[in-house]
There are 2 protein chains.
Amino acid sequence: MPKPEVDPTVSLDLSVDRSSPVPLYFQLAQQLEAAIEHGALTPGSLLGNEIELAARLGLSRPTVRQGIQSLVDRGLLVRRRGVGTQVVHSKVRRPLELSSLYDDLEAAGQRPATKVLVNTVVPATAKVAAALGVAEESDVHRVERLRLTHGEPMAYLCNYLPPGLVDLDTRQLEATGLYRLLRAAGITLHSARQTIGARAATADEAERLGEDQGAPLLTMQRITFDDTGRAVELGTHTYRPSRYSFEFQLLVRS
Amino acid sequence: MPKPEVDPTVSLDLSVDRSSPVPLYFQLAQQLEAAIEHGALTPGSLLGNEIELAARLGLSRPTVRQGIQSLVDRGLLVRRRGVGTQVVHSKVRRPLELSSLYDDLEAAGQRPATKVLVNTVVPATAKVAAALGVAEESDVHRVERLRLTHGEPMAYLCNYLPPGLVDLDTRQLEATGLYRLLRAAGITLHSARQTIGARAATADEAERLGEDQGAPLLTMQRITFDDTGRAVELGTHTYRPSRYSFEFQLLVRS
DNA sequence: TCAACGCGTATGTCCGGACAATCGAACTAC
DNA sequence: GTAGTTCGATTGTCCGGACATACGCGTTGA
């Protein structure tokens, strides 16, 4: 008879600090995530039922459920009625977030450099005005930047922002990403609408990015909204495909 | 004095059916979503506090919160402590889901056509074996398809699947999408890892898609996992950028 | 005039319990 | 041996309440 197929129920030592300002369900979620990351909770292993887990931690079941649910929402755990909660196999880790190119690169340890080519105020064209929800011909910020890694150009970024939102200092733009400036200005980013495509480089684009005319470029257009629904940024970016591609994880909305 | 900036608190007639098998919180969520879609709840309007809403519906506050939370998770509502819950402005609607090209096109009313070029079993190369988590040289399905819209080729799709998962009938593959076949086979899709890039077309690719050699192509690689963590599909797709681009919405994970 | 304070209000967190729905496996009957 | 049934285990849904926390705004004080 072969060895049983059922994954073992793992029992690990969890604890919560009731004097901490961190919510209890969040403490639990953090510890579970750490246990998964660290390997204490192996893929496929069952988590043990919620009732007993709550008793062991001195928490109520709703609190335990809330903690588990947050990890389910992020794809780390799967619940099955009548079976239990188990750790998902494989490298299912960080799902897609709304992030800036700068943060992505920095997270990858690339130390990106930015060169601001243009930082002015211009009258909005019809398309820009429609995207940002402002009047045509009204003033908007226009920022053009070149993003470099290892001294080589990687992307050309053109952004429009409505006026009065944030102070666009060229030095700050070169030291950090646009999203950080927006967040630092008290803007709560909420969502974005993106389009990713490809096309051949024009002469100008080729020149800027160090490619040949007609070379394939990866393009991305994005409108970002804050939590009041205002459009706070319109970006038109072109990337050198040899140096950049979009990687992300998707979760099924169940 | 200008007219007040505060958005009005909208009161609409909601009701739940306790004899329905549909969960109460879900009924509430559906009705709220319908009200938003229909325009009864206008962007920016407050939803009214949860306590009173619960009382009006004869529900408990946790149930009402669960219903509201599901819409918050989908980006339709925003909660503010001390303020209330309000409808998000703008066209922030469907966030990114794990979907198939076929479903996307059909949802857009395109009626896609599929031509199966290859449908065989081949020994797995090192890369395919690593992606699918099977032994090198073991048998895997290989499917090559051409996706057409309006009689014109739009994408070339090459997929590998582990054996024994699903019966890959060529006729079915031409009538529907691969994801539907997987779901119909009882497989619960969970997540996918994607990479989107661009490159110049090779002679073969140009031939297949009706482009010139060296023309820019949009590329997508995807490994799809089911809820047990198994890799169930590896896809390598190339798209004609003049006929297809990736559009989606991102939500900030707060 | 303007800044600091306090209050009301709404959501955030947490509790303890109850019953229903579903899954898997052991058991039973044919 | 096989198919159908029963049953235990576990999550799903729902309730009613309690206190904490943060935001907006009016009031107060300098």
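Bear in mind that the values here come from a model prediction, so they are computed numbers and not experimental data. Proteins come first, then strands; the chains are lettered A, B, ... in the order of their sequence lines, and each starts at number 1.
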Can you list, pair by pair, the side-chain donor-acceptor contacts under 3.5 Å of residues 62-69 of chain B, counting residues two or more places apart and other chains?
| residue | atom | partner | partner atom | Å |
| --- | --- | --- | --- | --- |
| B/Thr63 | OG1 | B/Ser60 | OG | 3.1 |
| B/Arg65 | NH1 | B/Glu50 | OE1 | 3.3 |
| B/Arg65 | NH1 | B/Glu50 | OE2 | 3.1 |
| B/Gln69 | OE1 | B/Arg79 | NH1 | 2.7 |
| B/Gln69 | NE2 | B/Asp73 | OD1 | 3.0 |

Qualifying residues under ring pair (Phe, Tyr, Trp, His ring centres under 6.0 Å), relative to A/Tyr25, sequence neighbours excluded: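 So A/Tyr25 forms no ring pair (Phe, Tyr, Trp, His ring centres under 6.0 Å) with any residue.
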
Can you list the residues that meet the salt bridge (Lys or Arg N to Asp or Glu O under 4.0 Å) rule with A/Arg80, with sequence neighbours excluded?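 So A/Arg80 forms a salt bridge (Lys or Arg N to Asp or Glu O under 4.0 Å) with B/Asp227.
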
Mind checking salt bridge (Lys or Arg N to Asp or Glu O under 4.0 Å) for B/Glu174 and listing every partner two or more places apart, or none if nothing turns up?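 B/Glu174: no salt bridge (Lys or Arg N to Asp or Glu O under 4.0 Å) contacts found.
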
Could you state the CG-P distance from B/Leu46 to D/dC23, rounded to the nearest angstrom? 16 Å

What string of B, S and - do you get for nucleotides 11-18 of chain C, 5' to 3', if B is base contact, S is sugar-phosphate-only contact and - is no contact with any protein heavy atom under 4.0 Å? BBBSBB-B

Tell me the salt bridge (charged side-chain N to carboxylate O under 4.0 Å, His left out) pairs involving residues 159-172 of chain A, sequence neighbours left out?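 Sorted result for residues 159-172 of chain A: empty, none.
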
